[in-house]
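Here the structure comes first, spelled out in structure tokens, and everything after it is commentary.
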Amino acid sequence: MAKVISGKEVSAKVRAEVKTECEQLKAQGIIPGLAVIIVGDDPASRVYVNNKKKACAEVGFVSEEYALPAETTQEELLALVEKLNNKPEINGILCQLPLPKHLDEKAVINAISPLKDVDAFHPSNVGKIMIGDYHFLPCTPAGVMELVHSEGIEVSGKNCVVIGRSNIVGKPMAMLLLHENGTVTICHSRTKNLKEICQSADILVAAVGKPKFVKADMVKEGAVVLDVGINRDENGKLCGDVDYQEVEPKASYITPVPGGVGPMTIAMLMKNTLKAAKIQNGVK
Ligand code: GUN
């Protein structure tokens with residue numbers, strides 16, 4: 001039987017800490033501000049953006065939503081980013097991905113000021129993460145690490161396997177585990193012997209985006225299993241990348257879906273926005 005790591009509880013604690021620090025900043029006349037840009041009407045993006053705005057209100061930040069129509073041009077979007085880069089009340093800028101196909105995501109990410117890039121997607125911030133000298137950590141991998149720390153799980157010397165190599169999760173996840181002296185393997189769609197590699201994992205992070213992809217025979221007895229996936233199963237029910245029913249009895253720790261990594265992403269976004277506000281206002 002695995003210990004279930006509650007992202008609900010850990011994220012509430014992180015948000016409470018951010019709220020306390022936000023109150024201290026307010027006493028100095030500083031109110032952290034986050035701008036959230038959403039283009040088009042992707043229903044999942046709408047849910048995420050609403051949750052981000054709600055979290056801002058709860059911790060005491062100001063949030064501004066910029067909901068642009070799907071036909072928005074690249075020039076219009078870049079002009080908005082530039083305006084927000086220069087707006088002092090806005091400390092963090094987040095452009096919800098994916099963008100409609102005619103828009104160039106890379107150009108938009110590159111246009112966001114690295115100092116306001118609370119997603120940590122800008123190449124300058126990605127590079128800083130690579131060398132271990134960063135202001136902002138990418139929200140989802142940082143949230144996974146927060147869950148690991150909340151249970152006092154030691155990463156040093158452990159075999160860590162990350163399934164998935166996205167820029168948003170897989171690659172930075174591997175880097176954060178490496179920073180804590182894990183021995184890290186990244187698996188992906190071309191990996192040979194995926195099952196055997198996963199079986200060697202003391203810490204297994206699933207970020208593939210395929211419902212119930214990780215089965216019991218891929219997991220070592222006593223492994224820590226961290227599930228980044230948010231998918232729908234054949235009945236339309238929310239599920240992760242891990243087959244929870246099968247894997248839970250073999251794991252020592254496991255994160256559920258929902259209520260695991262998901263709530264951590266937004267909590268870490270709040271943490272990054274607070275940090276951005278502190279840096280931009282010269283507060284230690
Ligand atoms: N789309 C899916 N996850 C994310 C995220 O963490 N940030 C942004 N901006 N878009 C996303």
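Whatever order the structure lists them in is the order used to number ligands and atoms, beginning at 1. Residue indices begin at 1 and follow the sequence shown. Not measured: the values here are computed from a predicted model.
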4.5 Å side-chain heavy-atom contact, Val108 and Gln74: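 Yes, at least one pair of side-chain atoms sits under 4.5 Å.
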Identified salt bridge (Lys or Arg N to Asp or Glu O under 4.0 Å) counterpart of Glu65 within the set Lys54, Lys52, Arg46: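 Result: among Lys54, Lys52, Arg46, Arg46 is the only option passing the salt bridge (Lys or Arg N to Asp or Glu O under 4.0 Å) with Glu65.
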Name the residues in contact with ligand 1, where contact means a heavy atom under 4.0 Å away: which are they?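 Only Lys52, Leu94, Cys95, Gln96, Leu97, Asp119, Phe121 have heavy atoms that fall under 4.0 Å of ligand 1, ordered by chain and number.
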Can you find a side-chain donor-acceptor pair between Tyr244 and Glu246 that sits under 3.5 Å?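 No pair is found: no donor N or O on one side chain lies under 3.5 Å from an acceptor on the other.
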Ignoring hydrogens, what is the shortest heavy-atom contact between [X] and [Y]? Give both atom names and the distance.
X      : Y      : answer
Leu147 : Ser6   : CD2-O, 4.3 Å
Val219 : Lys250 : O-NZ, 2.8 Å
Leu274 : Pro32  : CD1-CG, 4.4 Å

